[in-house]
Amino acid sequence: MAGSTDMASLEDSFRKFAIYGDTKATGQEMNGKNWAKLCKDCKVMDGKGVTSTDVDIVFSKVKGKTARVMTYEEFKKALEELAPKRFKGKSKEEAYESICQLVAGKEPTNVGVTKATTGGAVDRLTDTTKYTGSHKERFDESGKGKGKSGRENIVDTSGYVGAYKNAGTYDAKVKK
């Protein structure tokens with residue numbers, strides 16, 4: 001069978017896939033969804049020799065009768081079941097060794113995760129130095145938004161009539 005370093009990295013891969021997408025997972029048991037993801041990400045499933053149906057059947061076969069998850073020992077049995085299908089023409093031991101090498105040291109990948117784009121039109125549309133009119137008032141010199149003071153006209157509640165030029169001069173006139 002595989003060497004001891006391969007077994008350590010194989011178990012490490014098992015634990016990483018077992019906790020993928022589940023915050024409560026301990027890494028001791030893997031559910032069917034994560035088993036299918038492992039087979040897909042590690043290229044165990046090739047679409048010809050090993051299909052998603054094969055992966056699901058093997059999962060059902062190796063786990064306990066009423067269990068919904070499989071342990072690391074059952075995981076190794078599942079790989080043994082899939083190995084001859086994936087590597088036709090090799091002996092059982094060679095096929096198991098090859099399938100272990102596919103899985104060992106791998107981590108779950110995040111395919112289809114949207115990344116923020118900063119090229120093209122996005123840069124032009126978010127450049128505050130090119131804003132004009134009332135939109136220009138919403139940002140300071142550094143391009144940082146002013147918040148509420150940049151969006152609304154702040155009402156002067158000092159008690160004077162709007163646009164009165166001599167606000168604050170009453171006391172100076174009375175003392176004369």
Side-chain angles (χ1 to χ4, degrees), residues 1-128 130-131 135 138-139 142-145 147-148 151:
M1 295 285 175
S4 61
T5 55
D6 280 347
M7 283 298 148
S9 61
L10 185 69
E11 189 170 357
D12 188 45
S13 291
F14 170 81
R15 294 197 190 294
K16 285 179 182 173
F17 276 96
I19 62 171
Y20 180 77
D22 187 5
T23 54
K24 296 179 184 84
T26 60
Q28 303 298 318
E29 298 172 325
M30 182 184 290
N31 61 23
K33 178 178 69 80
N34 290 6
W35 162 245
K37 179 163 180 58
L38 178 138
C39 291
K40 189 175 180 189
D41 286 359
C42 297
K43 308 228 183 327
V44 172
M45 212 185 314
D46 59 357
K48 296 176 199 113
V50 179
T51 63
S52 61
T53 307
D54 295 326
V55 169
D56 292 338
I57 289 170
V58 167
F59 179 78
S60 297
K61 194 186 292 185
V62 298
K63 71 175 179 57
K65 202 78 160 160
T66 58
R68 306 188 98 193
V69 291
M70 69 175 164
T71 62
Y72 179 64
E73 293 306 316
E74 292 168 338
F75 167 73
K76 290 196 288 189
K77 285 180 195 159
L79 288 179
E80 281 181 43
E81 290 269 339
L82 286 178
K85 287 185 170 193
R86 176 67 168 87
F87 297 100
K88 289 182 173 73
K90 289 187 175 183
S91 68
K92 271 194 155 188
E93 289 78 22
E94 288 176 325
Y96 181 70
E97 180 74 34
S98 300
I99 207 164
C100 286
Q101 287 174 353
L102 282 178
V103 176
K106 296 285 190 335
E107 292 184 11
T109 57
N110 292 329
V111 179
V113 175
T114 307
K115 292 183 175 65
T117 58
T118 56
V122 177
D123 281 341
R124 191 177 72 249
L125 293 171
T126 57
D127 186 4
T128 58
K130 294 187 173 54
Y131 286 1
H135 302 292
R138 295 178 56 190
F139 301 92
S142 67
K144 186 163 172 43
K148 194 172 185 179
R151 286 193 303 271

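Hydrogens, waters and symmetry mates are skipped; everything else that's a heavy atom, side chains included, is used. We're numbering straight along the sequence, starting at 1.
- Atom NZ of K33 sits in a crowded spot, with more than 12 heavy atoms from other residues, nucleotides or ligands closer than 6.0 Å.
- Contact detail for E81 and V62: the closest heavy-atom pair is CG-CG1, 4.4 Å.
- Taking a cutoff of 4.0 Å between a charged side-chain nitrogen and a carboxylate oxygen, E11 and R15 qualify as a salt bridge.
- Annotation: K88, atom NZ; neighbour count of heavy atoms from other residues, nucleotides and ligands within 6.0 Å is above 12.
- Closest heavy-atom contact between M45 and T51: CG-C, 3.7 Å.
- The two residues V44 and V50 come nearest to each other via the heavy atoms O-CB, 3.6 Å.
- In this structure, L79 CG and C39 SG are separated by 7.0 Å, a value rounded to the nearest 0.5 Å.
- Checked by atom type and distance alone, the side chain of D56 never pairs as donor or acceptor with a backbone atom of T53 at under 3.5 Å.
- For the atom pair CE (M30) and OG1 (T71), the distance works out to 10.5 Å, reported to the nearest 0.5 Å.
- Side-chain atoms of R86 come within 3.5 Å of backbone N or O of K43 as a donor-acceptor pair.
- Salt bridge K106/D41: absent, no basic N to carboxylate O contact under 4.0 Å.
- The side-chain heavy atoms of F14 and V103, taken from C-beta on, include no pair separated by under 4.5 Å.
- With S9 contributing its side chain and A104 its backbone, the two residues share no donor-acceptor pair below 3.5 Å.
- The minimum heavy-atom distance between F59 and G32, with the atom names listed, is CZ-N, 3.3 Å.
- Put simply, OH on Y96 and CD on Q101 are 11.5 Å apart, with the number rounded to the nearest 0.5 Å.
- To the nearest 0.5 angstrom, E107 atom CD is 10.5 Å from C42 atom SG.
- Counting heavy atoms of neighbouring residues, nucleotides and ligands inside a 6.0 Å radius, atom NZ of K40 does not exceed 12 of them.
- Not one N or O on the side chain of D54 forms a donor-acceptor pair closer than 3.5 Å with the backbone of L82.
- Between F75 and W35, the ring-plane angle classifies as perpendicular under the 30° and 60° cut-offs.
- Interatomic distance, E93 CD to E80 CD, rounded to the nearest 0.5 Å: 9.0 Å.
- Atom NZ of K77 sits in a sparse spot, with 12 or fewer heavy atoms from other residues, nucleotides or ligands closer than 6.0 Å.
- Once rounded to the nearest 0.5 Å, the distance linking CD of E97 with CZ of F87 reads 10.5 Å.
- Side chain of K90 to backbone of E94: no donor-acceptor contact under 3.5 angstrom is found.
- Counting all heavy atoms, side chain and backbone alike, A18 lies closest to G27 at CB-CA, 3.9 Å.
- Taking both residues in full, the closest heavy atoms of I19 and T26 are given as CG2-C, 4.0 Å, listed atom of the first, atom of the second, then distance.
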